[in-house]
A.B. asks: 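Please find one structure pasted underneath; my questions will follow.
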Amino acid sequence: EITANYKENRTLHFIQEVTLNYAYSTISINVVKQTIVMFLSEVLSNALREEETNINLYSYLETALIWLDTHNKTSNFHLFFLMNLTKYLGFYPEKKNSSLYFDLEEGKFSNHIKSKNYISGENLIHFKELLGTNFDILNRLKFNKKIRQNMLEILIQYFELHLSGFNRPKSLAILKAVFE
């Protein structure tokens, strides 16, 4: 929490008081968690354009980062984080998922290919698994390196299709190297 002296006609503002709600203890000393946070911060800076207060989004970010800080098995966290971030950005995939394809452009499951941007087969199975996950069962996802990289590419493509001006994160290569 920050209490600041903000005046529109000034370029220099003053912080009066700062209160820390949670002191992160493992993110700063764990290279994998640092890499995840670096990647997610780049995604967030690319994806968030709003300036008005969004308490639900803030609550999600706070809850997710505290979860990351307090858990050891975090290899699928970034995938879960990105999937759930789409809820707050307005393009969360529909839940009806008994279909053969997922259209990335429409954000819907379908039994017919309607665009060139779709997923099917094993990628669709893993996408559905990720879609049905929450913090409590995140560690039950048994994604290997290849599955994780495929899901990450799909999610980045999904963001690119739904957020105009979204740039592919430069830290993506670092994230992939850490999870090799």
Side-chain angles (χ1 to χ4, degrees), residues 27 31-50 54 56-57 60-61 63-65 67-68 71 73-180:
I27 292 175
V31 175
V32 173
K33 290 181 181 184
Q34 287 175 0
T35 305
I36 291 170
V37 169
M38 179 180 64
F39 168 74
L40 295 178
S41 69
E42 187 177 359
V43 169
L44 288 168
S45 68
N46 261 325
L48 300 179
R49 303 280 188 242
E50 58 193 52
N54 187 335
N56 292 332
L57 174 59
Y60 169 66
L61 296 175
T63 301
L65 292 173
W67 188 95
L68 176 65
H71 288 79
K73 296 181 180 178
T74 59
S75 57
N76 296 315
F77 175 81
H78 58 296
L79 303 173
F80 171 79
F81 182 93
L82 292 175
M83 179 68 82
N84 285 289
L85 180 61
T86 64
K87 287 179 190 175
Y88 304 94
L89 300 177
F91 55 96
Y92 188 69
E94 70 171 0
K95 285 285 192 171
K96 181 190 140 227
N97 62 10
S98 61
S99 303
L100 300 172
Y101 308 101
F102 180 77
D103 187 321
L104 292 167
E105 289 179 29
E106 295 290 322
K108 296 180 179 180
F109 290 91
S110 173
N111 284 319
H112 308 290
I113 298 173
K114 297 178 183 176
S115 74
K116 63 181 179 169
N117 296 303
Y118 69 92
I119 54 175
S120 62
E122 278 191 44
N123 283 338
L124 182 63
I125 292 167
H126 300 305
F127 187 81
K128 289 177 182 180
E129 282 181 82
L130 186 58
L131 188 58
T133 301
N134 60 43
F135 281 119
D136 297 336
I137 61 170
L138 180 58
N139 292 330
R140 293 186 200 159
L141 288 177
K142 302 298 180 202
F143 290 177
N144 61 30
K145 179 182 86 167
K146 182 181 179 199
I147 294 168
R148 223 180 336 272
Q149 287 186 352
N150 287 345
M151 288 299 100
L152 185 56
E153 284 299 324
I154 288 167
L155 288 167
I156 294 297
Q157 182 183 8
Y158 193 53
F159 272 71
E160 289 172 330
L161 289 167
H162 289 273
L163 294 174
S164 62
F166 182 83
N167 297 318
R168 189 172 200 75
K170 291 176 176 57
S171 57
L172 187 59
I174 299 166
L175 185 71
K176 285 180 178 180
V178 166
F179 281 112
E180 283 190 349

A.B. asks: Between atom CZ of F102 and atom CZ of F127, what is the distance when rounded to the nearest 0.5 Å?
C.D. replies: 4.0 Å
A.B. asks: Could you state the interatomic distance from CG (N117) to CG (L161), rounded to the nearest 0.5 Å?
C.D. replies: 5.0 Å
A.B. asks: Could you tell me which residues satisfy ring pair (Phe, Tyr, Trp, His ring centres under 6.0 Å) with F77, sequence neighbours excluded, listed by chain and number?
C.D. replies: W67, F81
A.B. asks: Please test H112 against Y101 for side-chain contact (heavy atoms from CB on, under 4.5 Å), starting from the C-alpha separation and ending with a verdict.
C.D. replies: CA-CA 7 Å; H112 308 290; Y101 308 101; 5.8 Å; no
A.B. asks: Minimum heavy-atom separation for D136 and N134, please, with both atom names.
C.D. replies: N-OD1, 2.9 Å
A.B. asks: Using side chain to side chain contact (heavy atoms under 4.5 Å, CB included) as the criterion, point out the one residue from L40, I36, T63 that pairs with L68.
C.D. replies: I36
A.B. asks: Does F109 offer a backbone N or O that forms a donor-acceptor pair with the side chain of E94 under 3.5 Å?
C.D. replies: yes
A.B. asks: Atom CD of residue position E122 - does it have more than 12 heavy atoms of other residues, nucleotides or ligands inside 6.0 Å?
C.D. replies: no
A.B. asks: So, do H71 and F135 sit near enough that their side-chain heavy atoms are less than 4.5 Å apart?
C.D. replies: no
A.B. asks: Do L152 and L82 make a side-chain contact, defined as non-hydrogen atoms from C-beta onward lying under 4.5 Å apart?
C.D. replies: yes
A.B. asks: Return the NZ to NZ distance between K145 and K176, rounded to the nearest 0.5 Å.
C.D. replies: 11.0 Å
A.B. asks: Testing the basics here: between L100 and S120, what is the closest heavy-atom pair and its distance to 0.1 Å?
C.D. replies: O-CB, 3.7 Å
A.B. asks: Under the 3.5 angstrom rule, does the side chain of Y158 hit a backbone N or O of M83 as a donor-acceptor pair?
C.D. replies: no
A.B. asks: Could you tell me whether the side chain of N46 and the main chain of N167 form a donor-acceptor pair under 3.5 Å?
C.D. replies: yes
A.B. asks: Checking side-chain contact (heavy atoms from CB on, under 4.5 Å) for the pair H126/L141: CA distance, chi angles, key distance, verdict?
C.D. replies: CA-CA 9 Å; H126 300 305; L141 288 177; over 6 Å; no
A.B. asks: Taking the side chain from H162 and the backbone from L104, do they hold a donor-acceptor pair closer than 3.5 Å?
C.D. replies: yes
A.B. asks: Minimum heavy-atom separation for V32 and T74, please, with both atom names.
C.D. replies: CG1-OG1, 4.4 Å
A.B. asks: I'd like to know if the side chain of N84 and the backbone of K87 have a donor-acceptor N/O pair within less than 3.5 Å.
C.D. replies: no
A.B. asks: Do you know which two heavy atoms are closest between N139 and K142, and how far apart they sit?
C.D. replies: O-NZ, 3.8 Å
A.B. asks: Does NZ belonging to K128 count more than 12 external heavy atoms closer than 6.0 Å?
C.D. replies: yes
A.B. asks: Going through the checks in order, is the side-chain contact (heavy atoms from CB on, under 4.5 Å) test met by M151 and I154?
C.D. replies: CA-CA 5 Å; M151 288 299 100; I154 288 167; 3.5 Å; yes
A.B. asks: Answer whether the closest heavy-atom distance between the side chains of L44 and L85 falls below 4.5 Å.
C.D. replies: yes
A.B. asks: Using a 4.5 Å cut-off on heavy atoms from C-beta on, say whether the side chain of L57 contacts that of L48.
C.D. replies: yes
A.B. asks: So does S110 get a backbone contact from the side chain of D103, meaning a donor-acceptor N/O pair under 3.5 Å?
C.D. replies: no
A.B. asks: Is the shortest side-chain heavy-atom distance between T133 and L79 below 4.5 Å?
C.D. replies: no
A.B. asks: Looking only at heavy atoms, what is the nearest atom pair of E42 and S171, with distance?
C.D. replies: OE1-OG, 2.6 Å
A.B. asks: Using 0.5 Å steps for rounding, measure from the CG atom of N123 to the OH atom of Y118.
C.D. replies: 11.0 Å
A.B. asks: Can you tell me how the ring of F159 sits relative to the ring of F166, calling it parallel under 30°, perpendicular over 60° and tilted otherwise?
C.D. replies: tilted
A.B. asks: What's the separation between atom CG in N150 and atom CD1 in I119, rounded to the nearest 0.5 Å?
C.D. replies: 10.0 Å
A.B. asks: Would T35 and F39 count as a side-chain contact (heavy atoms from CB on, under 4.5 Å) if you check the C-alpha gap in whole Å, the side-chain angles of each, and the deciding distance to 0.1 Å?
C.D. replies: CA-CA 6 Å; T35 305; F39 168 74; 5.7 Å; no
A.B. asks: Once rounded to the nearest 0.5 Å, what's the spacing between atom CD of E105 and atom CD of Q157?
C.D. replies: 8.5 Å
A.B. asks: What closest approach, in Å, do I156 and R168 show between heavy atoms, and which atom pair accounts for it?
C.D. replies: CG2-NH1, 3.2 Å
